[in-house]
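Each remark here refers to the structure printed beneath this line.
A note on names: the letters A, B, ... follow the listed sequences, proteins ahead of strands, and every chain is numbered from 1. Not measured: the values here are computed from a predicted model.
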Protein chains: 2
Amino acid sequence: MRLGPGKIAPLPRGQSALVHIVSGAAKLVAHAAAEREQVTAFNFSGDLVMVPGSGPHAYVLHTLIECELTVFPYKALRGAVADDPAILARLLDNCDAALSRCREKALMIGRKTASERMAGFLVMMAARIGEPRGDAVLLDLPMSRRDIGDSLGLTIETISRQFSLLREARQIATEGRSKVVLLDFSGLQERAGHLAELGPAFSSKFALDQC
Amino acid sequence: MRLGPGKIAPLPRGQSALVHIVSGAAKLVAHAAAEREQVTAFNFSGDLVMVPGSGPHAYVLHTLIECELTVFPYKALRGAVADDPAILARLLDNCDAALSRCREKALMIGRKTASERMAGFLVMMAARIGEPRGDAVLLDLPMSRRDIGDSLGLTIETISRQFSLLREARQIATEGRSKVVLLDFSGLQERAGHLAELGPAFSSKFALDQC
DNA sequence: CGTGTTATTGAGTTGTATCAATCCCAGTGG
DNA sequence: CCACTGGGATTGATACAACTCAATAACACG
């Protein structure tokens, strides 16, 4: 399946789906109420995303840029591989990594300031899609300020102000709407309040989804 | 392993552990910084909890009341069952349920008001440890106001004020510090902003952990 | 080079945190 | 059985971080 940017992935209704992002970038969105959305995860090429089909809130997978997707109805897939230890183990490791990231996200949203969340987001994105440029890291973010806000539990205005503060602090530089240069990576980690480096669950490999 | 109330479960350092709560109740705590903790999950008898051993923040399992625990070093367990599809499938389903709950929690913390979070918490706890009493549901909460606050990303004072508001609204009644009677369950669901009933991932069975 | 969308910046408001007193229970010992 | 006691809970007053509303600026696209 190929989708243009800003599209909603057509998934089977009423049941969970496992989506493989062959290429592109997407966001998994939970709908809390009208005009109140929470971005559960950002996903990039190679990721496997579990999209819940039932529960107290509705989930939707939005493309950020053009995407190639492969969609599996989860229940059927789960039944078909019930006696294939290799695939089960792979799914388990993916799910475990996604759980770790989701917990980190809950901690970030629940107990961190806007400044700490912003720095944590940039460090996380650097681990996912950052390209080293000497001492600095180059990021080309496919998501809007609104998406970042919906991911961190903040408003677009607060995101924008945090970008401005980080620019003033000379920890980042921005080029256009989407490009960000992380000039002081260790400073950002410190600002994020991280105790240690990000582990394997936060890198690109074996990612069921990203937070 | 048997532990009294308010104890920290002794787990192997530097590696992840899978803990089976044979009996009792516990909380999984993430340490953001001094005096800033996030309760990642509450767990009750029968639960399997994954306690991450590495990552950007430190995790600890605290008992709330007396507990019997069985601790497995996760890496060793994961290696030992690598070709056992039944156990892998069980772990996968547990992990999947935990991920669903953690996502709901992230949504709750990121995009809901104190009132909605409090109602959501009570509905969630009712699904876990509630006892029906005619139209009402009886809850005996093993955790303190501080624990609830650390779980919902709020302070003890805000939790206390929300309890008072719910009492004034005649949606709950309280007896002593720990007992809560949910007098208007559907009203609480509505207040929580839930679109549908809680699904199987939120009941007691097959719970890797609770949010 | 318009034109519409997204981002930035400013001013003012608000929900929750913080600080500070009580108050109330659950143990403990008399 | 009941006073004592200490930690948790409640309530009130105030502060502040982030939200909301509003106006301008910057970018991307045709």
Heteroatom pairs (N/O) under 3.5 angstrom, protein to nucleotides 24-26 of chain D:
residue : atom : partner   : partner atom : Å
dA26(D) : N3   : Arg177(A) : NH2          : 3.3

For nucleotides 12-16 of chain C, give me every protein contact, N/O to N/O, under 3.5 Å, one pair per line with atom names.
residue : atom : partner   : partner atom : Å
dT16(C) : OP1  : Ala114(B) : N            : 2.8

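In this model, a side-chain donor or acceptor of Glu157(A) finds a partner on the base of dC21(D) within 3.5 Å.
Between the P atom of dC21(D) and the CD atom of Glu35(A) lies a distance of 11 Å, rounded to the nearest Å. The interatomic distance linking Met143(A) (CE) with dT6(C) (C1') rounds to 16 Å, in whole Å. Atom CG of Leu141(A) and atom P of dT6(C) are 16 Å apart (whole Å). Counting to the nearest Å, the C1' atom of dT11(D) and the CD1 atom of Ile156(B) are 12 Å from each other. In this structure, CZ of Arg36(A) is placed 18 Å from P of dA18(D), rounded to the nearest angstrom. Atom P of nucleotide dG12(D) and atom CG of Leu165(B) are separated by 11 Å, given to the nearest angstrom. Between the P atom of dT6(C) and the CD1 atom of Ile148(A) lies a distance of 14 Å, rounded to the nearest Å. Between the C1' atom of dT5(C) and the CZ atom of Arg146(A) lies a distance of 12 Å, rounded to the nearest Å.
For the residue pair Lys105(B) / Thr40(B), no side-chain donor-acceptor distance below 3.5 Å is found, with atom types taken as modelled.
We find the OH-CE distance between Tyr74(A) and Met50(A) to be 4.0 Å, quoted to the nearest 0.5 Å. To the nearest 0.5 angstrom, Asp96(A) atom CG is 12.5 Å from Leu91(A) atom CG.
A donor-acceptor pair is defined here as one N or O able to donate and one able to accept, closer than 3.5 Å; such a pair exists between the side chain of Ser16(A) and the backbone of Gly53(A).
Residue Gly176(A) is the one, among Arg111(A) and Gly176(A), whose nearest nucleotide of DNA chain C lies closer to the 5' end (criterion: closest heavy atom). Taking the nucleotide of DNA chain D with the nearest heavy atom to each of Ser178(A) and Arg161(A), the more 5' of the two is matched to Arg161(A).
Comment: Lys112(B) does not engage Glu104(B) in a salt bridge, judged by the lack of any side-chain N to carboxylate O separation of less than 4.0 angstrom. Note on Lys27(B) versus Asp150(B): no salt bridge recorded, every NZ/NE/NH1/NH2 to OD/OE distance being 4.0 Å or above. Using a cutoff of 4.0 Å between basic side-chain nitrogens and carboxylate oxygens, Arg170(A) and Glu168(A) are not scored as salt-bridged.
The cationic group of Arg145(B) lies under 6.0 Å from the six-membered ring centre of Phe163(B) and within 45° of the ring axis, placing it in a cation-pi geometry.
Sorted by first and then second residue, the pairs that involve residues 173-182 of chain B and meet side-chain hydrogen bond (donor to acceptor under 3.5 Å, both in side chains), not counting sequence neighbours, are Asp140(B)-Ser178(B), Arg167(B)-Thr174(B).
Proximity of Arg167(B) to the phosphate of dT10(D): a side-chain N or O atom is located under 4.0 Å from OP1 or OP2.
Within the nucleic acid shown, Ser144(A) comes within 4.0 Å of sugar-phosphate atoms alone, with no base atom in reach, counting heavy atoms only.
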